[in-house]
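First, the structure itself, so that you have it in front of you.
For the numbers below, each heavy atom of this structure counts, side chains included, while hydrogens, waters and symmetry mates do not.
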2 protein chains.
Amino acid sequence: MRADARRNYDHLVATARAVFAEEGPQASLNEVARRAKVGPGTLYRHFPTRQALLVAVFRERIERLCALAEQSGSAPAGEALTGWLRALLVHAQTDGGLAAGMADDPGFDCHARLIGAATGLLDRAGQAGAVRDGVEVEDLFQLVTGIAMTAPKDRGERLLMLALEGVLADGPRRPGPSRA
Amino acid sequence: MRADARRNYDHLVATARAVFAEEGPQASLNEVARRAKVGPGTLYRHFPTRQALLVAVFRERIERLCALAEQSGSAPAGEALTGWLRALLVHAQTDGGLAAGMADDPGFDCHARLIGAATGLLDRAGQAGAVRDGVEVEDLFQLVTGIAMTAPKDRGERLLMLALEGVLADGPRRPGPSRA
DNA sequence: CTCATATACGGAGAGGCTCTCCGGTTGTCT
DNA sequence: AGACAACCGGAGAGCCTCTCCGTATATGAG
C-alpha cells in the first residue's frame, strides 16, 4: 500500500468516525469525503460499501470488547456475562450503525469476532448454571442489538436487565424456551 | 374531500401496501407513485411524510390488534398478555416499517392506540401477579419492536419468549429491575 | 538523481430519490 | 351551463450513491 493511500485511508476513517457520531450511521458518504477533502472516488475505492467503512471505524472498539471478554476470567461467570453484555449494549448504542451492520450481514468479520468473545462467556456461565438452558449466543446478540436500535439511550440498560431477568414472574422456572 | 381525491387516496394506500410488502418500509415513494399511475405531487399532498403513508397502510391492522386486546378478557391475564405480544411481534415483523415508525415518533396516533391496548393487558396481568414488579408498557413495546427489527423472522418468537421468561437462571426472583 | 511504471487521486456525470411549485384540469354547487 | 374551488401532473432543484477515466504522484530500478 502506497504511503499516500495509507494516509488517505486513515484520514477517512477518522473523519467518518466524527461524521457518524454526529449524524448517525446513515450519514452521507459524500459528506465524509467532502470533509476529508477527498474525492468520492477515493472514498469508494477504499471502502466499497458503507459497511466496510463502518467496520473500519469501529474495529478498534470491537477489539477492545473482545479483550474485555477475555480479561473477565476472574469474575463469577454470571456477572462476567451480564457485565459484558452491558458493555456491548453501550457500544451498540453509541455506534448505532454497528448494530445495523451486525444484523444486516451475518457472515461478517466483526460479527464473528464478537460472537467468539460472547461464546466463551456464555459457555462459562452455562457450566456455572447461571444461564437458562437452551440460550444461544445469537439470542443474546439479537436482544442487545434490538434494544440498542429501538430503545432510547437512557432506557437501554433497564431493558437489557429486564430481558435477562425476565418479564414474567411465574415462580419456578420452566426448563427452557421450549416453544422455539 | 372530492371524489377523485378519495379515489387517489385509496388507490395510493393499496399500492403502497403492495410495494412496502415487496421492498420493505424504505421503498422508494417515487415507485409507489409510479405504480399507482399518479404524479409525485399527488402522493406527497396526501401523505406529507413517509410516516403518514405507513400509518395509512397499517391502520387497519393496528385496529385489529386493539380489538384483539379487548376481546381477550376471558383468558388468564398472563396468557392474554403474552399472546397479544406475540401477535404484536408478528405484526411488527410483517410490517417492518411500523416498528421503525413506533420507534421514530413517540407522539404518534397509532403508537398511542397500541400503547392503550397494551396498558389494559399489562394492568390486568400486574394485578394477577403474573408480571414482575416495575414492568412498564414501554418496556414491552421496545422489546418487541427491537426483536422485530433485528432478529430473523423465524427467531422472533423464540426471542420474545426468552425475554419474557428471562435469560438468567438465578433461582428466586429479585424484586425488580432496580438498577433502572 | 532520473526515469518508468504501477498505483492512487479527483471530480465530472449518470441515474435515482425526495420534495416543491404552479399551470392546467376536473369535480361540484348554484 | 358557468364559475369557483379543489385537485392533478410533472418539471425541476438539490442531494445522494457509485463509476469511470484522464491526470498526478510515489517508488524501485538503473
| query | Any idea which heavy atoms bring A:Trp84 and A:Leu68 closest together, and the distance? | reply |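 Nearest pair, atom of A:Trp84 first, then A:Leu68: CD1-CD2, 3.9 Å.
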| query | So, for B:Thr94 and B:Arg61, which heavy atoms are closest and what is the spacing to 0.1 Å? | reply | CG2-NH1, 3.8 Å
| said: For a quick test of reading the model: is some side-chain N or O of A:Ser28 closer than 4.0 Å to OP1 or OP2 of D:dT17? | reply: yes
| query | Is any side-chain N of the basic residue among B:Glu22 and B:Arg17 closer than 4.0 Å to the acidic one's carboxylate O? | reply | no
| query | Testing B:Leu122, B:Asp123, B:Leu121 for side-chain contact (heavy atoms from CB on, under 4.5 Å) with B:Thr119, which one passes? | reply | B:Asp123
| field | Closest nucleotide among D:dG10, D:dC8, D:dC16 to the A:Arg34 side chain | value |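 Shortest atom-to-atom distance from the side chain points to D:dC16.
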| message | Regarding A:Glu136 and B:Arg155, does a basic nitrogen lie under 4.0 Å from an acidic carboxylate oxygen? | response |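 Judged by the 4.0 Å cut-off on N to carboxylate O distance, A:Glu136 and B:Arg155 do form a salt bridge.
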| request: Describe the nucleic acid contact of A:Arg45 in one word from base, sugar-phosphate, nothing, applying a heavy-atom distance below 4.0 Å. | output: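 Base, at least one base heavy atom under 4.0 Å.
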| query | Side-chain N or O of B:His46 less than 4.0 angstrom from OP1 or OP2 on D:dC8? | reply | yes
| query | Contact class for B:Pro40 vs. all strands (heavy atom < 4.0 Å): base, sugar-phosphate, or nothing? | reply | base
| query | Does the side chain of A:Asn8 get closer than 4.0 angstrom to OP1 or OP2 of C:dC9 through an N or O atom? | reply |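 Result: yes.
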| query | What is the distance from CD of A:Gln51 to P of D:dT17, rounded to the nearest Å? | reply |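 Those two atoms, CD and P, are 14 Å apart.
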| message | From CG of A:Leu43 over to C1' of C:dC9, roughly how many Å is that when rounded to an integer? | response |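 Spelled out: CG on A:Leu43 to C1' on C:dC9 is 13 Å.
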| field | Footprint string (nucleotides 23-30 of chain D, 5' to 3'): B base within contact, S backbone only, - free, heavy atoms under 4.0 Å | value | --BSS---
| Any sub-3.5 Å donor-acceptor pair from B:Arg50's side-chain atoms to B:Pro25's backbone N or O? |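 Looks like yes, one N/O pair under 3.5 Å.
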| field | Where A:Gly134 and A:Asp139 come nearest, the two heavy atoms and their spacing | value |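 What the structure gives for the nearest pair is O-OD2, 4.0 Å.
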| message | I need the OH-C1' distance between A:Tyr44 and C:dA8, as an integer number of Å. | response | 18 Å
| query | For A:Tyr9 and C:dT7, what is the distance between atoms OH and P respectively, to the nearest whole Å? | reply |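 It is 19 Å, rounded to the nearest whole Å.
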| said: Does this structure show an ion pair linking B:Glu70 with B:Arg64, if we count only N-O contacts that are shorter than 4.0 Å? | reply: no
| message | Using the rule given for salt bridge (Lys or Arg N to Asp or Glu O under 4.0 Å), can you reason through B:Arg132 versus B:Glu165, listing the C-alpha separation, both sets of side-chain angles and the distance that settles it, and then say yes or no? | response | CA-CA 10 Å; B:Arg132 173 189 292 271; B:Glu165 297 183 355; over 6 Å; no
| task | Would you tell me if any nitrogen or oxygen in the side chain of B:Thr42 comes within less than 4.0 Å of OP1 or OP2 on D:dC7? | result |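 For D:dC7, OP1/OP2 do not have a side-chain N/O of B:Thr42 under 4.0 Å.
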| In whole Å, what is the span from the CG atom of A:Asn30 to the C1' atom of C:dG11? |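 Rounded to whole Å, this separation is 11 Å.
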| message | When the axes are fitted on five pairs at both termini, how much does the helix from C:dC1-D:dG30 to C:dT30-D:dA1 curve, in 10° steps? | response |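 That helix gives 0° between its end axes.
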| query | Expressed in angstrom and rounded to an integer, what is the separation of B:Glu31 atom CD from C:dG15 atom C1'? | reply |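 After rounding, the gap between these two atoms is 15 Å.
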| note | Between NE2 of B:His11 and P of D:dC7 the distance, given in whole Å, is 19 Å
| said: How many whole angstroms separate atom CG of A:Leu29 from atom P of C:dG16? | reply: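 Taking atom P of C:dG16 as the reference, CG of A:Leu29 is at 19 Å.
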| request: Classify the angle between the aromatic ring planes of B:Tyr9 and B:His46 as parallel (below 30°), tilted (30 to 60°) or perpendicular (above 60°). | output: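 Rings of B:Tyr9 and B:His46: perpendicular, over 60°.
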